[in-house]
Number of protein chains: 2
Amino acid sequence: MNWFDALNKVRIILCRPSHPGNVGSVARAMKNMGLKKLYLIQPKDFPSHISDANAAGALDILQNAVVTDSLDLGLEGTVFAVGTSCRRRSLTPEKLTCRDAIGRVAREFYGEGDVALVFGNERNGLSIEELGKCHVLATIPSSDAYSSLNLSHAVQIFCYEIFQLKNTLGRQPFLEKNFGHHEDVELCLRKFENVMKGSGFLKPGAEGKVMERLQRLFRRTRIEKEEIDILLGFLKTIR
Amino acid sequence: MNWFDALNKVRIILCRPSHPGNVGSVARAMKNMGLKKLYLIQPKDFPSHISDANAAGALDILQNAVVTDSLDLGLEGTVFAVGTSCRRRSLTPEKLTCRDAIGRVAREFYGEGDVALVFGNERNGLSIEELGKCHVLATIPSSDAYSSLNLSHAVQIFCYEIFQLKNTLGRQPFLEKNFGHHEDVELCLRKFENVMKGSGFLKPGAEGKVMERLQRLFRRTRIEKEEIDILLGFLKTIR
């Protein structure tokens, strides 16, 4: 595994960023740490000359940024997503520190598919729905007195921790699992939902809680492609 | 050693910052990581409503910031200073990564006196003179393609690394040395210079290189108070 190939597996995804200055500062923070793939989900103001100014020498990152309408589209082709948040949720994925989460990311460098670091809106963070699409939740340890970091500063710390992996590359355990891509997992979840509705197990209007838990289970297990095929085949046989 | 006492030993010193937005963002980055002591050496534009806006919930850090005309004043009462730079110098203090430098800072938590992280101007970094007053030079590992981090983002990473020490506090080797404060070391250097000039060893106009090396030696050895007293006493006897 080449170091540059590893870095090119990492996507920084910003969900609904509202300040163009932050988007530019994120681009600079990424390029400082050798990252290139920026995804913007419903950015409020992009492109913008304010983003360009803050990006400084990282204009190419902004110019190549992928802008989409949904996090699902931004996650297509990924096999592992780290959600970032300082808010506490009742039903969240496994919680890790930033450093430990990046340690998990390192293991993905040897597998197939991209890895995503997903950041929420400046004011509200990630929604429950967005967080549900992530495998782990990572937080940056910070002062209880004032724990809210500026978005681009939070991205800077995560990118810095990724760059620190450079020295340990090649010493990580090899991951040979063939994990399902995000879009395959989503498809499987939707099929389950349909069948569970059809069978009467899921009452209309009350499917939220069950599907949330099912989703959480699927992300936690890192379901593999072959397992998804088995489940899809099984679900197809149910009428 | 109490964790909050440890954090209160750390000064963030910005030399000649030119953008008020950066000063505000630095205040926020500090408060996020529990740091309080901000020193501004010849800030170009301070106070400023732009600083205030970027500080967000960290206005108190700005209001309590110490503004001085010289780095020497900002370093009074410190026993250890980490200079930060991405520029290479011919004659610099020991070079460390950010993480290793903060490891050194941790050892100071058990001694007497403050510790300083010294950051240079946005465009030019620290001057040779400023760097000469630091004990080690720390750099943030970054991409060769674009290694220049925004000032406040660099401060954020250093503050983050300090906050990471929380978990190891109490497990550091105890430092019982009674190190000379910055101002005592400076005094000793000036006395040396005077005596060396008086003896004819230092030719007028050619003292720069010798004094630079002497300064480097003094910082590297972490000269103690008693040793300074011995040297001062000795120098006093020379006519």
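Letters go in sequence order (proteins before strands), and every chain restarts at 1. Side chains included, hydrogens not; waters and symmetry mates left out as well; all remaining heavy atoms used.
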Problem - salt bridge (Lys or Arg N to Asp or Glu O under 4.0 Å) partner of A:Glu108, chosen from A:Lys9, A:Arg11, A:Arg222 - result: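 Among A:Lys9, A:Arg11, A:Arg222, the one that satisfies the salt bridge (Lys or Arg N to Asp or Glu O under 4.0 Å) with A:Glu108 is A:Arg222.
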
Exactly one candidate in B:Glu76, B:Glu212, B:Glu186 meets salt bridge (Lys or Arg N to Asp or Glu O under 4.0 Å) with B:Lys133; the answer is B:Glu186

Worksheet item: If you look only at pairs with a residue in residues 149-158 of chain A, which of them pass as a side chain to side chain donor-acceptor pair (under 3.5 Å), with sequence neighbours excluded?
Response: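 Passing the test, one end in residues 149-158 of chain A: A:Asn22-A:Asn150, A:Asn150-A:Ser152, A:Asn150-A:His153, A:Ser152-B:His153, A:His153-B:Ser152.
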
- Message: Between B:Asp144, B:Ile157, B:Thr97, who has the most heavy-atom pairs with chain A when the cutoff is under 4.5 Å?
- Response: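 Looking at each of B:Asp144, B:Ile157, B:Thr97 in turn, B:Ile157 comes out on top.
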
With a 4.0 Å cut-off, would you call A:Glu183 and A:Lys225 a salt bridge?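 Salt bridge absent between A:Glu183 and A:Lys225.
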
If one checks every heavy atom of B:Leu35 against chain A at 4.5 Å, the contacting part turns out to be neither

What residues of residues 49-65 of chain B make heavy-atom contacts with chain A at a cutoff under 4.5 angstrom?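 Heavy-atom contacts from residues 49-65 of chain B to chain A are B:Ala55, B:Ala56, B:Gly57, B:Ala58.
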
Is the side chain of B:Lys44 donor-acceptor paired with the backbone N or O of B:His19 at a distance under 3.5 Å, no angle test? no

Honestly, the part of A:Ile140 sitting under 4.5 Å from a heavy atom of chain B is side chain

Please enumerate all residues that pass salt bridge (charged side-chain N to carboxylate O under 4.0 Å, His left out) together with B:Glu161, with sequence neighbours excluded.
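Scan of B:Glu161 (salt bridge (charged side-chain N to carboxylate O under 4.0 Å, His left out), adjacent residues dropped) gives A:Arg99, B:Arg99.
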
_Are B:Thr78 and B:Ile13 packed together at the side-chain level, in the sense that at least one heavy-atom pair is separated by less than 4.5 angstrom?_
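No. Closest side-chain heavy atoms not under 4.5 Å.
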
Quick note, ring pair (Phe, Tyr, Trp, His ring centres under 6.0 Å) partners involving residues 128-150 of chain A, not counting sequence neighbours, are A:Phe80-A:His135

* Asked: Looking at A:Ser25, A:Gly34, A:Cys98, A:Ser143, which makes the most heavy-atom pairs under 4.5 Å with chain B?
  ->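 With the most close heavy-atom pairs to chain B, the winner is A:Ser143.
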
